[in-house]
Amino acid sequence: MIRPANAEARNKNMSDASTTYTVAGTVPWLPRGLARFGWWTTPVRAEYLAVLRIGIAVTMLYDQLRLYLPHLDALYGPESTGATELWRPAADATVWHWSIFYGLDSNPIHSLALLALSGFTAWLAFRLISCPVTPDGKQDGGEEFRPLLIAWLLAGVIASLGTWSEAPIPGHIRPVPWLLPSVLCVTAWGFLAVRWIRFRRLDGWFVGCGIAGTGLFLSGVALASGEGLHAAVAEALSGWSDDFTFLRAAFYAWILFTLGLGLGLFSRVNAVLVWVLAISFANLNPIVNHGEVAVRNVILFYVMLCPCGAAWSLDRMLLRWRGARSGPVYVAPWPLRLLLIQTVLIYCFTGLFKLMGERWQSGNALYYALADLYYSRMSLAQLGLPPEFLRWTTWGILAWEITFPLWVLLPWTRTAALISGALFHTSTFVLLELGGFDWYMFVLYLPLLPWARWLRDPGFPVVRPQEQTDATAARPAPSGDWFPRFLGWFIVWQLVYLAAANIGGFLLQAVPQSPEQNGAEAKEDSPGLALVRKVITVTDFWGDLSQQPQGWVMYDVVPAFVNLPFLEVRQAVDRPDSPREWKTRVLPSDLQPANLNRYFRFGRPRLTNVEEHVIPPLSDRTDNAEETNQAWAKEIASFVLENQVLIRNYIACRVRHARADSPDFPEPDEVILYRRHYRVNEPGSPTIWNEPEDVPIARWLPGVEDIGRSLQPYNPATRRFETLDVDGASPGERASPPAKTSGRARTD
């Protein structure tokens, strides 16, 4: 098959004069093992990417407007569950857990900028030296150098600003704000000198980079001469995650960019901005995320890299208005193929991880999932499904997920796979509250629909060698046209990454890691397992860097209990002729149904995702009540100490929202956080849930500023609230990110 091989041949008519069509975007070079398969090389209609772009935009708008916006102040900003003091230390410790809202002084942003600057500098130097010069002067790398120079300058500016964001500290050596800009300035003028010596050309972009480098150097000198000016600039460039006004404006901008992406206006630019903001908000408060966020980020990653606006877009309308060809538009199929492989891996490895779960093996997983008040949309008692039906359905789901690759790869079962998948996600949407997970999975199905048949597309023309003309023959790629080859190796790397990350992660989970029951020390890893760990280290690095993590362990462990928090808001009423009385009001969890046996809800699970992190799981009760109370006292005190900032902010947000919704809501003098514990009975029992047990966890005193005194853990042994013992606790311990508290299976 003949296909265009470079940017110059892509937009030319490659068949007879009566046929007009265009191949949009870059057609990648592929190694021989992939290039021999038409599934990877034959261009497809651009509408396949258009439906992916429109689908992800519509789903994200639903997610933003319904699931994020109503609780925005509780999810992000100061005194919220996404406060900087909660998550910034973890983000700086794990270098690639980045968010632009942490500011340019954040380790991930600064490290990424320096890494990109080093890579682009080396690549520019290599291409300037190695790019051949032809006698006619046509091949001088001009088209190649422009995007490289833009990327190099952008990385240099961000790296320099990141250096300037480090404010001078009294008594310490001041940072040198002109050092990195001086290197950029010298490098930029060096690039220009090599460009002139080899090609006798002074391109505008090379000159512009030299001027920009000089400007950065002079600005660095000015900052070095004034400590006050440097401190002011550092404050302006540091983290913005505690400025709720800025975060709210950024959130509305995120909505606007998503709308532009759906309409196809400046599609590529909007796709990049939507991807950056989606990751930045997700990493700003990780505990509000479920598995749908990982699926969303993966889709956005590919939409950002492909010509998603080539069809059904305002961009295409503008091109036609400017005189572009009106025939069908084709695109290289690689993003669609990688997304299909990703979809297959999601199902297959989700099923494999579930296969290791005890309740999935026994067939009781679906029963416990529908009894889980965190996720069930309607009461299991209300459904009235017999245990045998749920057991066989559980096994059927497990078998379907594990064998999904065969269903999709075999042509005669592919339609059945799509139909069964649509029915599966429709059922889970009706029965379970999983946020936007089902909708994002539906987006992955959109490119699998037969759009070519509905568009009556005969397929991309295949030109036989004997029918080639000057207009149809593919020209060899010039040596300066490096991007198709780079894109091809990126595709190969993605295939390796997807396979290694999922298979390696499963192997690490499947191989027993714990020591023997008799307390013997764990044995050293075998050579094979040690190699798997090294591979996983590399894949984890790329997954964090590109924000497309793998390891799809969705609901592999189904709990047999439910822990829900609720608040008792108390206001003191002083009377001269009687002791102090309390005016109380209970704020139940949004997940708490009024009637366990009959309810239906269509909730907003972003804030409720936080609730399982603000209450401890607590060990099971024993026959000795005193021992249980002593154990619970230690567990509650330790949990409150580790999660005090999150607990306080959660309580404050709930009270703030309650007072906004009800003007007569009292100003509290104290608020008590309780844990309501439900035990799910075995299938076939007369009742599904045991009577709930309420246990106080902590008391918050709003009028006390010191958090160590304002948040008091409950001691079941003494039946009193006690002041936190924070003496000797480091600042990191006092504001540490919340640990996983309930052992619940998350969809991430």
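For the side-chain hydrogen bond (donor to acceptor under 3.5 Å, both in side chains) test, no residue two or more places apart in sequence or in another chain qualifies with Ser313. For Trp240, the ring pair (Phe, Tyr, Trp, His ring centres under 6.0 Å) criterion is met by Phe246, not counting sequence neighbours. For Gln342, the side-chain hydrogen bond (donor to acceptor under 3.5 Å, both in side chains) test picks out Gln550, with sequence neighbours left out. Residues that satisfy the salt bridge (Lys or Arg N to Asp or Glu O under 4.0 Å) test with Arg45, not counting sequence neighbours, are Glu47, Asp457. Residues that satisfy the salt bridge (Lys or Arg N to Asp or Glu O under 4.0 Å) test with Asp63, not counting sequence neighbours, are Arg296, Arg606. Remark: Val157 pairs with Leu153, Leu161, Leu216 by the side chain to side chain contact (heavy atoms under 4.5 Å, CB included) rule, at least two apart or across chains. Residues that satisfy the side chain to side chain contact (heavy atoms under 4.5 Å, CB included) test with Val58, not counting sequence neighbours, are Ile54. For the ring pair (Phe, Tyr, Trp, His ring centres under 6.0 Å) test, residues two or more places apart in sequence or in another chain that qualify with Phe191 are Trp152. Scanning for side-chain hydrogen bond (donor to acceptor under 3.5 Å, both in side chains) contacts around Ser219 gives an empty result, with sequence neighbours left out.
Within the structure, the side-chain hydrogen bond (donor to acceptor under 3.5 Å, both in side chains) test picks out no pair touching residues 331-341 (sequence neighbours left out). Pairs of residues two or more places apart, or lying in two chains, that qualify as side-chain hydrogen bond (donor to acceptor under 3.5 Å, both in side chains) and include a residue from residues 260-281 are Ser267-Asp315. Evaluation of the ring pair (Phe, Tyr, Trp, His ring centres under 6.0 Å) test over residues 104-123, restricted to residues two or more places apart or in two chains, returns Trp123-Phe126, Trp123-Trp482.
The structure places CH2 of Trp254 at 5.0 Å from OH of Tyr68, a figure rounded to the nearest 0.5 Å.
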